[in-house]
Novice: 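Take this structure, written in structure tokens, and hold onto it; I'll ask about it next.
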Amino acid sequence: STRGGVSGVGEPLVLRMSTDDPTYGYAPTNPVRVGGAGEARYLAGLWGPAGQALAFERLRSCCADVAGHALELYALSWPGLERPVLLYVDAQEHGPLWVPVGLRGAPP
């Protein structure tokens, strides 16, 4: 798994689909399921709410999801943010790769 990175760096995934589910990525019961797509590529495809580049850092492995996979907990931050946004990622399970509520995907 990845230690950290920044929006748009590396080979980011182009994320265009948003979700209105407020738990997606923010709750251990509903992690982002990146499967083989790669945590760093997914996270590098996310941007702050006003299109700011964001920095992401892996904090630790944590809780298990419903399938029993250990989740990775990432901190996302951008200039002006008071405290980092925490995102739960399942690197083993595949699922839809949406943009979490409050973030943006690929710039136009």
Side-chain angles (χ1 to χ4, degrees):
S1 64
T2 304
R3 296 288 319 147
V6 181
S7 297
V9 175
E11 294 179 26
L13 295 176
V14 177
L15 303 169
R16 300 206 186 275
M17 299 295 290
S18 296
T19 179
D20 55 7
D21 181 343
T23 68
Y24 177 78
Y26 298 124
T29 52
N30 192 12
V32 177
R33 294 175 174 89
V34 296
E39 297 155 76
R41 292 189 66 212
Y42 172 80
L43 294 164
L46 296 175
W47 300 79
Q52 315 92 313
L54 59 80
F56 57 90
E57 179 183 7
R58 182 183 169 276
L59 298 179
R60 64 182 183 274
S61 291
C62 72
C63 37
D65 68 1
V66 289
H69 301 141
L71 303 178
E72 302 298 326
L73 184 60
Y74 282 86
L76 280 49
S77 57
W78 53 86
L81 185 65
E82 211 170 284
R83 63 176 159 257
V85 169
L86 300 180
L87 207 65
Y88 294 89
V89 178
D90 181 338
Q92 297 164 44
E93 194 76 25
H94 291 272
L97 295 177
W98 290 321
V99 176
V101 171
L103 299 176
R104 286 192 178 178

Novice: Does any pair with a residue in residues 10-36 pass ring-ring contact (aromatic ring centres under 6.0 Å, His included), and if so which ones, sequence neighbours excluded?
Specialist: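 The answer is Tyr24-Trp98.
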Novice: Any chance you could measure Thr19, atom OG1, to Met17, atom CE, to the nearest 0.5 Å?
Specialist: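 Taking OG1 in Thr19 and CE in Met17, the distance rounds to 9.0 Å.
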Novice: Find the distance between SG (Cys62) and CG (Leu73) and round it off to the nearest 0.5 Å.
Specialist: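 Between Cys62 SG and Leu73 CG, I get 5.0 Å after rounding to 0.5 Å.
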Novice: How would you list, by chain and number, every residue that makes a side-chain hydrogen bond (donor to acceptor under 3.5 Å, both in side chains) with Thr23, sequence neighbours excluded?
Specialist: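 Testing Thr23 for side-chain hydrogen bond (donor to acceptor under 3.5 Å, both in side chains), a comparison that skips the adjacent residues, returns Asp21, Asn30.
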Novice: Of the non-hydrogen atoms in Pro79 and Ala53, which two are nearest, and what is the gap between them?
Specialist: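 Of all heavy-atom pairs spanning Pro79 and Ala53, the closest is CD-O, 4.1 Å.
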Novice: Which heavy-atom pair separates Leu81 from Ser77 by the least distance, and what is that distance?
Specialist: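 Smallest interatomic distance, heavy atoms only, reads CD2-CA, 3.8 Å.
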Novice: To the nearest 0.5 Å, tell me how far Leu43 CG sits from Leu54 CG.
Specialist: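 Reported to 0.5 Å precision, the distance equals 8.0 Å.
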Novice: What heavy-atom pair brings Pro28 and Leu71 nearest, and what distance separates the two atoms?
Specialist: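 Taking Pro28 first and Leu71 second, the nearest heavy atoms are O-CD1, 3.4 Å.
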Novice: With sequence neighbours left out, write down each residue that passes side-chain contact (heavy atoms from CB on, under 4.5 Å) with Arg41, or none if nothing qualifies.
Specialist: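 For Arg41 the side-chain contact (heavy atoms from CB on, under 4.5 Å) partners, ignoring immediate neighbours, are Glu11, Leu13.
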Novice: Could you tell me which non-hydrogen atom of Ala75 sits nearest to which non-hydrogen atom of Pro84, and how far apart they are?
Specialist: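 What the structure gives for the nearest pair is CB-CB, 3.9 Å.
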Novice: Which residues end up grouped with Val6 if you chain together Ile, Leu, Val, Met, Phe, Trp and Tyr wherever their side-chain heavy atoms are less than 4.5 Å apart?
Specialist: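 Joined to Val6, directly or through intermediates: Val9.
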Novice: Does Pro49 have any side-chain contact (heavy atoms from CB on, under 4.5 Å) partners at least two apart in sequence or in another chain, and if so, which?
Specialist: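 For Pro49, the residues satisfying side-chain contact (heavy atoms from CB on, under 4.5 Å) (neighbours in sequence not counted) are Gln52, Trp78.
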Novice: Hey, what do you get for CZ (Arg3) to OH (Tyr74), rounding to the nearest 0.5 Å?
Specialist: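 One gets 8.5 Å once the value is rounded to the nearest 0.5 Å.
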Novice: Do the non-hydrogen side-chain atoms of Leu46 and Pro100 ever get within less than 4.5 Å of each other?
Specialist: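 Side-chain contact under 4.5 Å: yes.
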Novice: Not counting sequence neighbours, which residues clear side-chain hydrogen bond (donor to acceptor under 3.5 Å, both in side chains) with Ser61? List them please.
Specialist: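 Ser61 satisfies side-chain hydrogen bond (donor to acceptor under 3.5 Å, both in side chains) with Arg58, Glu72 once adjacent residues are dropped.
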Novice: Check Ala106 against Arg16 and note the closest heavy-atom contact, atom names and distance.
Specialist: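 Heavy-atom minimum between the residues: CB-NH1, 3.8 Å.
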Novice: Arg83: what forms a side-chain contact (heavy atoms from CB on, under 4.5 Å) with it, not counting sequence neighbours?
Specialist: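 Testing Arg83 for side-chain contact (heavy atoms from CB on, under 4.5 Å), a comparison that skips the adjacent residues, returns none.
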Novice: For residues Gly48 and Leu103, report the shortest heavy-atom separation together with the two atoms involved.
Specialist: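 Scanning both residues, the minimum pair turns out to be CA-CD2, 4.4 Å.
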Novice: With clusters defined by side-chain heavy atoms of hydrophobic residues (ILVMFWY) lying less than 4.5 Å apart, directly or transitively, does Tyr42 cluster with Trp47?
Specialist: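 No, no single cluster joins them.
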Novice: Compile the donor-acceptor pairs under 3.5 Å between side chains in residues 88-97 and protein atoms, sequence neighbours left out, one pair per line.
Specialist:
{"unit_1": "Asp90", "atom_1": "OD1", "unit_2": "Gln92", "atom_2": "N", "d": "2.8"}
{"unit_1": "Asp90", "atom_1": "OD1", "unit_2": "Glu93", "atom_2": "N", "d": "3.0"}
{"unit_1": "Asp90", "atom_1": "OD2", "unit_2": "His69", "atom_2": "ND1", "d": "3.2"}
{"unit_1": "Glu93", "atom_1": "OE1", "unit_2": "His69", "atom_2": "ND1", "d": "3.4"}

